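To start, the structure under review is shown below, and the notes come after it.
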Amino acid sequence: GEIFTNSRTATLFTNLLGIAFATFLLVFMERRGITELRYLLLPGYCGGLSTFSAVTYEAVAPGEAGLLFLFLNLFLSLITVVLALKFARRFIKVRG
């Protein structure tokens, strides 16, 4: 099938949003010394927001997007982490 449909575009966008948010939370918690909340917020909220299980299904299910869609999600996820990390480190100051 096609690589992008409305469902796949929404899945990709949601996954990248969850990854960017998780990156910001990590930097924020690190810089504020709030490390105990990461076990609740990262796997709980951000894990629920990002939909990597949907990405996997859409990549391997017969008639779905295929491995190109999976590769695109992985590649864009890594790019998102790099960019969000640079942005977060620039704008989230260490509390001193």
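For reference, positions follow the sequence shown, starting with 1. Since the structure is predicted, the reported quantities are computational estimates derived from the model, not experimental observations.
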| message | Tell me every residue that passes ring-ring contact (aromatic ring centres under 6.0 Å, His included) with Phe91, counting only those two or more places apart in sequence or in another chain. | response | Phe87

| For Leu78, what residues pass the side chain to side chain contact (heavy atoms under 4.5 Å, CB included) criterion, not counting sequence neighbours? | none

| Considering residues at least two apart in sequence or located in another chain, which fulfil the side chain to side chain contact (heavy atoms under 4.5 Å, CB included) criterion with Leu76? | Leu12, Leu16, Leu72

| Contacts of Arg32 that satisfy side chain to side chain contact (heavy atoms under 4.5 Å, CB included) - sequence neighbours left out | Phe28, Ile34, Ile92, Arg95

| remark: Hits for ring-ring contact (aromatic ring centres under 6.0 Å, His included) against Phe13, two or more places apart or cross-chain, chain-then-number order -> none

| Arg31 and Arg89: which non-hydrogen atoms are nearest, and at how many Å? | NH1-O, 3.0 Å

| Interatomic spacing from CG in Asn73 to OG1 in Thr11 - rounded to 0.5 Å | 8.0 Å

| field | Contacts of Leu70 that satisfy side chain to side chain contact (heavy atoms under 4.5 Å, CB included) - sequence neighbours left out | value | Phe52, Val55, Ala59, Leu67, Leu74

